[in-house]
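Indexing begins at 1, ligand by ligand and atom by atom, following the structure's order. Because the structure is predicted, anything quoted here is derived from the model rather than measured. Heavy atoms only: backbone and side chains are in, while hydrogens, waters and symmetry mates are out.
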Amino acid sequence: MTAFKTLDDLTDLTGKRVLLRVDLNVPVKDGKVTDTTRIERVAPTIRELSGKGAKVILLAHFGRPKGKADPSMSLDPIAGVVEDVLDHRVNFASDCIGEAAQKAVDAMVDGDVLLLENTRFHAGEEKNDPGFTEALAKNGDIYVNDAFSAAHRAHASTEGLAHLLPAFAGRTMQAELIALEKGLGKPARPVVAIVGGAKVSSKIDLLKNLVKKVDALVIGGGMANTFLAARGIDVGKSLCEHDLAATVNEIEAEATAAGCALVLPVDGVVAREFKANADSETVDVTAIPADAMMLDIGPKSIASVNAWISKADTLVWNGPLGAFEIPPFDTATVSAAQHAARRTGEGLLVSVAGGGDTVSALNHAGVAEDFTYVSTAGGAFLEWMEGKPLPGVDVLKV
Ligand code: AMP
């Protein structure tokens, strides 16, 4: 496995100023944080560093202020929420560099936690500008990155700092990297990937990378319609990107060349309306009525997906198998998710999932906690599935 430095490599943290990059980009509605998952994920690293006597200085971005201070994207209100989650005082500085930051850092005592203002209030953050990175580095002795979700961007606080300070992975980053290594790095075989969701167009690179790495690629969701249509099947009014026929044929050819089985639905649940409990029927994919759309894969297809899961030692999953938000079109997603969770619980499967709606789909199935690892990282998880380098991770490697 690729080695990277972790908190285990840090011996004496007492009095050390640790610049800790975290993901605090939490959802906010009417001024209230509606989901603290991201804060809870980084809490163990903050607690550990603080418990070991470090001065923990949190760096994070919030929203897209485009390099200018914007009070509506201040991290100030988030400091109190971090404080509640940690049950530990969290101070706030009104800038991440300059006098305000320095004063606040100078006032810290061992074990203190300080949150600096949104790094993206400075254009130098996203440009990975050396002057800005140096200004950030001035307030730290050590850099720890616990924000895997931002690791696909080479920004000052996600990549640049690692060149100026001794750099380490935080506990959440560490867990994520270990899980991803098990998923596609050096996975136990056979490896099965399930890719669902709405469209092929947003997942072309991902599909092309997966066919080279996995033993079977299960296609579900709206994107299955595009594959079926490319094989000359009439998918009626189903969501379908007809103009991508050549691309999916290419992916099929690459799968064949790589010895990867491409698993498409053989039946589906179709409806005439995209709404909960709409009248629906199960038909073979070759018999989709012209005025209907396939909103879930059918029972024969579910059996086939679950059989592939049973054969797999490793499962990598992105995207629901159907329109899981509206019952009964959640049936396949729930069935496959629960089957994978059972196999994982029995110690027979390593299951790694993430990206987009996958986390909500697994939550909906009630099994997000039962997978080996569920990544909340979104973009970074998808770029990892696409096989792209992640600058914020690469820079931590030894
Ligand atoms: P993605 O963000 O690409 O993973 O897509 C997730 C979305 O795909 C969800 O909102 C699902 O409702 C939608 N979806 C999945 N299967 C279908 C389908 N057969 N027809 C239309 N939408 C679908």
Side-chain angles (χ1 to χ4, degrees), residues 27 149 193-210 217-230 233-242 244 247-248 251 263-285 287-302 305 315-337 352-365 368 371 374-386:
S149 54
I194 297 180
V195 181
K199 292 181 172 179
V200 170
S201 52
S202 57
K203 295 185 185 173
I204 294 171
D205 289 347
L206 183 149
L207 295 168
K208 288 193 165 181
N209 183 46
L210 287 179
L217 173 61
V218 174
I219 305 280
M223 67 165 60
N225 303 322
T226 303
F227 276 83
L228 294 171
I233 292 173
D234 185 350
V235 295
K237 288 229 158 45
S238 303
L239 176 65
C240 181
E241 294 169 292
H242 291 282
L244 283 183
T247 307
V248 300
I251 293 168
V263 184
L264 292 182
V266 291
D267 59 352
V269 183
V270 300
R272 269 113 190 138
E273 288 173 291
F274 191 90
K275 70 167 200 203
N277 304 313
D279 282 343
S280 62
E281 59 187 303
T282 299
V283 294
D284 280 356
V285 292
I288 299 173
D291 62 345
M293 51 195 160
M294 179 155 88
L295 293 178
D296 198 9
I297 64 172
K300 285 188 241 171
S301 310
I302 296 175
V305 173
L315 173 71
V316 180
W317 187 339
N318 167 261
L321 291 170
F324 74 97
E325 301 95 334
I326 47 170
F329 310 108
D330 57 346
T331 307
T333 303
V334 170
S335 167
V352 177
D357 279 341
T358 316
V359 184
S360 20
L362 296 185
N363 276 327
H364 175 75
F371 269 50
V374 177
S375 173
T376 52
F381 184 85
L382 289 178
E383 291 201 18
W384 165 77
M385 274 187 102
E386 288 166 1

Looking at I219 and P265, what are the two nearest heavy atoms and their distance?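 Result for this residue pair: O-CD, 3.4 Å.
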Can you sort out which atoms of ligand 1 are near [X], meaning under 4.0 Å from one of its heavy atoms?
X    : result
L295 : 19 (N), 20 (N)
D357 : 6 (C), 7 (C), 9 (C), 10 (O)
E325 : 9 (C), 10 (O), 11 (C), 12 (O)
L239 : 21 (C), 22 (N)
K203 : 1 (P), 3 (O), 4 (O)

Donor-acceptor contact present, side-chain W317 to main-chain G319, <3.5 Å: yes
Using modelled atom types and a 3.5 Å cut-off, is there a donor and acceptor pairing between side-chain atoms of S238 and backbone atoms of M294? yes
Within the 4.5 Å heavy-atom criterion, are [X] and [Y] side-chain neighbours or not?
X    : Y    : answer
V269 : L295 : no
H364 : T333 : no
V195 : L206 : yes

Name the option, out of A198, P320, G196, G220, that contains the heavy atom nearest to atom 3 (O) of ligand 1.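 Heavy atom nearest to atom 3 (O) of ligand 1 belongs to A198.
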Where do R272 and D291 land on the salt bridge (Lys or Arg N to Asp or Glu O under 4.0 Å) test, with the steps shown first? CA-CA 7 Å; R272 269 113 190 138; D291 62 345; 3.2 Å; yes
Give the residue, atom name and distance (to 0.1 Å) of the protein heavy atom nearest atom 17 (C) of ligand 1. G222 N, 3.3 Å
Just to confirm my output: which protein heavy-atom neighbour is closest to atom 19 (N) of ligand 1, and how far is it?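 The closest one turns out to be M294 O, 3.0 Å.
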When you compare ligand 1 with G319, is there at least one nitrogen or oxygen pair between them that comes in under 3.5 angstrom?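 In fact, backbone or side chain, G319 has no N or O that close.
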